[in-house]
Amino acid sequence: MGGPASLAELLAEVTKMTDMQLDENVMNSLKCQIRVNPLHRAMQSVLVDNKEKVPISPRPALRPVDNQNEKMLDNMLTAEGIVVPGCDPSHVADIKREPDFNRELNNVQNELNQEISAYHKKKAELSENVSNVIRRQGEFRPISNKDIESMSNMVSHKLQKVIECAKQRSCEHVTHLKRVYMDARRTRKNFSRHSTEILNAYFQAHITHPYPTEQDKEELARQCNISVGQVSNWFGNKRIRYKKMLAKEKSENGQRCAPQPMPCIPNPYMMQGYPMAPPFMFVPPNMPDYQQFVPKFEPPTTAGTSVSH
DNA sequence: GTATATGATTCTCC
DNA sequence: GGAGAATCATATAC
């Protein structure tokens, strides 16, 4: 059984093979003929060389992997105490949490480990299979080692997304757990009466503009033994609820009789020509700290204003 | 058990 | 980023 003698005939056989219907028996017989042809290797070498020199419909270069998102996910997971395979374990936070939360986090950790380990296994299998298929094709097509390497890179590139998705799921899981276990709404306690009095006193003292400065917030936080954030929350809630309360009062008054002016507190200082009333009438008893929030009023020196103490 | 109060969170707007 | 508004989740009063 002899194959085609010249390179031209060999090429014709290969071309014929690519055009014909996929009848397996015929195809295998043709492949055997081509393999045993003494010019086969030489032809392959020439075709590969030519391909290298004349790029035919070159593939677009793989875009460099944008791993910013993955890094962000890694950082978030390690900050929550999750060991991300492949990341520096010394960065993993050691946080003391309640046992149930820790147990749930361990589950997240195990799932992530399993997914990443399965990924590496699948990746190796797939790369191997793709390489084999390409190598077999290489007998009849101009495929170089560079092509095989490029294809392998492409497989890795695509599969990297799988790991990113696994990390994304873990992050979402941790976020959900934090919401369940660490939402302060679930463990909130009312502030002490003393703290509430201090906050209310400040609010009333600055009723025309109840927006404490950062310095005041810090001082209020210190006195109330709460955080500055809690002070901000308290004033945010207070302002909106106070506003609603006034609106409600107004509408209730309006239903009973003619519209009334906004309920206001007698302000002797305003009556006496001061720009703003000091909050003396709201000072709760037994609250020495409170005095520092009382605005310091310098009586106007201009003629026509007089203050009697 | 229900209504209301209250502290925290989230979303939107500027 | 801060404030307003809506909403959630719990505490408290009844």
Side-chain angles (χ1 to χ4, degrees), chain A residues 68-69 72-73 75-82 93 95-105 107-108 167-256 259-265 275-277 279 281-287 289-290 292-295:
Chain A
Q68 280 300 103
N69 187 42
M72 213 171 70
L73 296 171
N75 289 343
M76 188 203 151
L77 289 170
T78 49
E80 297 303 335
I82 302 276
I95 306 166
K96 291 194 171 25
R97 292 174 166 131
E98 64 175 281
D100 284 351
F101 191 7
N102 273 334
R103 188 165 37 74
E104 297 275 12
L105 276 183
N107 290 340
V108 175
K167 289 177 178 174
Q168 179 78 43
R169 277 196 298 280
S170 296
C171 279
E172 284 166 6
H173 200 156
V174 171
T175 305
H176 170 72
L177 290 176
K178 282 179 79 177
R179 194 168 289 189
V180 170
Y181 286 95
M182 296 174 72
D183 188 339
R185 283 180 294 204
R186 292 178 182 275
T187 54
R188 83 169 186 83
K189 294 274 182 293
N190 285 356
F191 296 158
S192 69
R193 176 182 287 268
H194 176 72
S195 302
T196 309
E197 281 174 353
I198 292 175
L199 294 167
N200 267 318
Y202 185 99
F203 186 84
Q204 295 288 3
H206 301 77
I207 197 71
T208 55
H209 187 75
Y211 297 83
T213 62
E214 282 306 306
Q215 205 178 355
D216 283 353
K217 282 184 193 172
E218 282 169 17
E219 186 54 31
L220 285 165
R222 188 189 65 76
Q223 288 186 20
C224 300
N225 199 22
I226 57 178
S227 68
V228 173
Q230 286 176 303
V231 174
S232 297
N233 283 341
W234 190 92
F235 274 89
N237 285 326
K238 186 74 180 177
R239 280 191 297 268
I240 189 78
R241 284 163 186 166
Y242 182 72
K243 208 168 137 185
K244 280 182 181 171
M245 187 265 288
L246 288 184
K248 192 179 166 195
E249 275 185 14
K250 193 177 176 183
S251 72
E252 281 172 1
N253 287 342
Q255 281 169 359
R256 281 199 295 272
Q260 297 290 314
M262 285 265 274
C264 60
I265 297 144
M276 189 195 287
M281 59 184 65
F282 298 105
V283 177
N286 307 321
M287 201 179 295
D289 284 342
Y290 170 71
Q292 67 179 284
F293 293 120
V294 175

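Just so it is clear, the structure is predicted and the values come from calculations on it, not from any experiment. Here is the naming used below: chain letters follow the sequence lines, and residue numbers restart at 1 for every chain.
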Side chains of [X] and [Y], heavy atoms from C-beta outward: is any pair under 4.5 Å?
X	Y	value
A:V231	A:E218	no
A:F235	A:K217	no
A:I82	A:S170	no
A:D216	A:Y211	no

Between [N] atom [atom2] and [X] atom [atom1], what is the distance in whole Å?
X	N	atom1	atom2	value
A:L199	B:dA8	CG	P	11 Å
A:N190	B:dT6	CG	C1'	6 Å
A:R188	B:dA5	CZ	P	13 Å
A:M245	B:dT4	CE	C1'	15 Å
A:K238	B:dA8	NZ	C1'	17 Å

> Which two nucleotides bound the region of DNA chain C that has atoms under 4.0 Å from heavy atoms of chain A, read 5' to 3'?
Replying inline: C:dA3 to C:dT12
> Where each residue is assigned the nucleotide of DNA chain C containing its nearest heavy atom, which of A:R241 and A:F235 is assigned the position nearer the 5′ end?
Replying inline: A:F235
>> Can a side-chain donor-acceptor contact be found between A:Q215 and A:E219 if the only test is distance below 3.5 angstrom?
In response: no
>> Once you apply a heavy-atom cut-off of 4.0 Å, does A:R239 come out as touching a base, just sugar-phosphate, or nothing?
In response: sugar-phosphate
> With a 4.0 Å cut-off on heavy atoms, is A:N233 in touch with a base, just the backbone sugar-phosphate, or nothing at all?
Replying inline: base
> A:N237 side chain N/O closer than 4.0 Å to the phosphate oxygens (OP1, OP2) of B:dT6?
Replying inline: no
>> Take a 6.0 Å sphere around CG of A:N237 and say whether it holds more than 12 heavy atoms from other residues, nucleotides or ligands.
In response: yes
